[in-house]
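Keep in mind that this is a model prediction, so the values were computed, not measured.
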Amino acid sequence: MSLLNKIATISLVILVSTLFSVDAQAQCKGFTKKHCLPTLNPFIHNGQLTSAQFNPGDSADVEMTFNAGKEYRILVCSQDMIGKVQFKVLDKTRKVLYKSDENTVNPFWDFKVANTQQLIVQIIVPKGEEKNSITRLTPSGCVSLLVGFKK
């Protein structure tokens, strides 16, 4: 294969990968706006949109700052195909402050913060079925972490 063909092939692979990534993020953003934001009511969305595509068995830790004297709602919202996504809230020493119920769809936690602090929100996607038996594909879906506050 000539050098020109190799460069063209590599460029095409990079372009296709980028397009799929951008499309997945756009779909995730649309899902979040349509299905997740309404669940924050009566809390006001903090304006930060944290969402990503997850596969069964994935997890992620997100550090967030919560200000003293405010009442908050943390909401984890996900597409049905990846199961009932759960979350834990940990302090800086990784002590569990809250753990969502594993039977709840789109779990949330309402709480008030006495002192401004950094907390870790740990998102856990259940292992579930690794691959679809017909297509042999691993299901993936959008998971969004939203934070709302009351004035």
Side-chain angles (χ1 to χ4, degrees), residues 12-151:
L12 182 62
V13 169
I14 291 171
L15 177 66
V16 169
S17 297
T18 302
L19 290 175
F20 279 128
S21 176
V22 169
D23 184 48
Q25 284 303 323
Q27 288 178 356
C28 202
K29 188 175 181 179
F31 168 80
T32 301
K33 287 182 177 180
K34 184 175 181 181
H35 297 283
C36 304
L37 280 174
T39 309
L40 273 179
N41 283 333
F43 292 79
I44 300 165
H45 183 235
N46 71 352
Q48 188 173 358
L49 185 61
T50 306
S51 60
Q53 291 288 325
F54 280 77
N55 294 316
D58 284 349
S59 65
D61 288 1
V62 180
E63 279 192 41
M64 305 184 99
T65 302
F66 296 90
N67 297 313
K70 292 209 180 235
E71 191 174 346
Y72 289 97
R73 171 173 287 176
I74 295 175
L75 166 70
V76 174
C77 181
S78 61
Q79 291 178 310
D80 294 336
M81 74 267 292
I82 58 172
K84 295 177 182 167
V85 175
Q86 301 305 301
F87 74 96
K88 294 179 188 175
V89 179
L90 315 166
D91 66 12
K92 292 298 271 183
T93 66
R94 302 203 62 86
K95 175 185 168 196
V96 177
L97 304 175
Y98 176 80
K99 180 180 177 186
S100 64
D101 179 10
E102 57 192 43
N103 295 315
T104 304
V105 175
N106 297 336
F108 63 87
W109 181 42
D110 296 346
F111 63 102
K112 190 169 185 171
V113 178
N115 300 311
T116 298
Q117 57 189 302
Q118 289 269 82
L119 298 176
I120 301 163
V121 180
Q122 187 176 69
I123 299 168
I124 305 116
V125 178
K127 288 198 192 263
E129 200 173 307
E130 285 297 314
K131 293 185 179 181
N132 181 304
S133 60
I134 297 170
T135 63
R136 313 289 285 163
L137 297 174
T138 302
S140 68
C142 179
V143 177
S144 298
L145 169 63
L146 299 173
V147 176
F149 62 92
K150 284 188 178 178
K151 285 195 174 194

- [ ] Check Asn67 against Thr116 and note the closest heavy-atom contact, atom names and distance.
- [x] CA-OG1, 3.5 Å
- [ ] Search all heavy atoms of Asp91 against all heavy atoms of Leu119 and return the closest pair with its distance.
- [x] CA-CD2, 4.0 Å
- [ ] Flag the pair Asp110 and Lys150 as a salt bridge only when some basic side-chain nitrogen lies within less than 4.0 angstrom of an acidic carboxylate oxygen.
- [x] no
- [ ] Calculate, to the nearest 0.5 Å, the distance between atoms CZ and CG belonging to Phe31 and Leu37 respectively.
- [x] 10.5 Å
Task: Gap separating the CG atom of Leu90 from the CG atom of Asp61, nearest 0.5 angstrom - done: 7.0 Å
TODO: Run the ring-centre check on Phe87 versus Tyr98 and record whether the distance is less than 6.0 Å.
DONE: yes
- [ ] Please name the pair of heavy atoms, one in Leu49 and one in Lys29, separated by the smallest distance, quoted to 0.1 Å.
- [x] CD2-CG, 3.6 Å
Open item on the list: Distance check, rounded to the nearest 0.5 Å: His45 atom NE2 versus Lys33 atom NZ?
Closed with: 10.0 Å
Open item on the list: A side-chain contact here means heavy atoms from C-beta on lying under 4.5 Å apart; do Cys142 and Gln53 qualify?
Closed with: yes
- [ ] Begin with the C-alpha distance, continue with both residues' side-chain angles, and end with the deciding distance and a verdict on side chain to side chain contact (heavy atoms under 4.5 Å, CB included) for Phe43 and Val147.
- [x] CA-CA 9 Å; Phe43 292 79; Val147 176; over 6 Å; no
Open item on the list: More than 12 heavy atoms of other residues, nucleotides or ligands under 6.0 Å from CD of Glu71: yes or no?
Closed with: yes
- [ ] Mark yes when over 12 heavy atoms from residues, nucleotides or ligands other than Asn41 sit less than 6.0 Å from its CG; otherwise mark no.
- [x] yes
Open item on the list: What I'd like to find out is whether the side chain of Phe66 reaches to under 4.5 Å of the side chain of Val89, using heavy atoms alone.
Closed with: no
TODO: Find the distance between SG (Cys36) and CZ (Phe108) and round it off to the nearest 0.5 Å.
DONE: 13.0 Å
Open item on the list: Using 0.5 Å steps for rounding, measure from the CG atom of Leu145 to the CE atom of Met64.
Closed with: 4.5 Å
Task: Stepwise side chain to side chain contact (heavy atoms under 4.5 Å, CB included) test for Tyr72 and Asn46 - done: CA-CA 10 Å; Tyr72 289 97; Asn46 71 352; over 6 Å; no
- [ ] Please report the shortest heavy-atom distance between Ile124 and Gln122, naming the atom on each side.
- [x] CD1-O, 3.8 Å
TODO: Mind listing the closest non-hydrogen atom pair of Ser78 and Val85 along with its distance?
DONE: OG-CG2, 3.4 Å
TODO: Could you walk me through whether Val62 and Ile120 pass side chain to side chain contact (heavy atoms under 4.5 Å, CB included), step by step?
DONE: CA-CA 5 Å; Val62 180; Ile120 301 163; over 6 Å; no
TODO: Looking only at non-hydrogen atoms, find the nearest pair between Ser51 and Ser144 and report the distance.
DONE: CB-OG, 3.3 Å
Task: Between CH2 on residue Trp109 and OG1 on residue Thr104, distance to nearest 0.5 Å - done: 15.0 Å
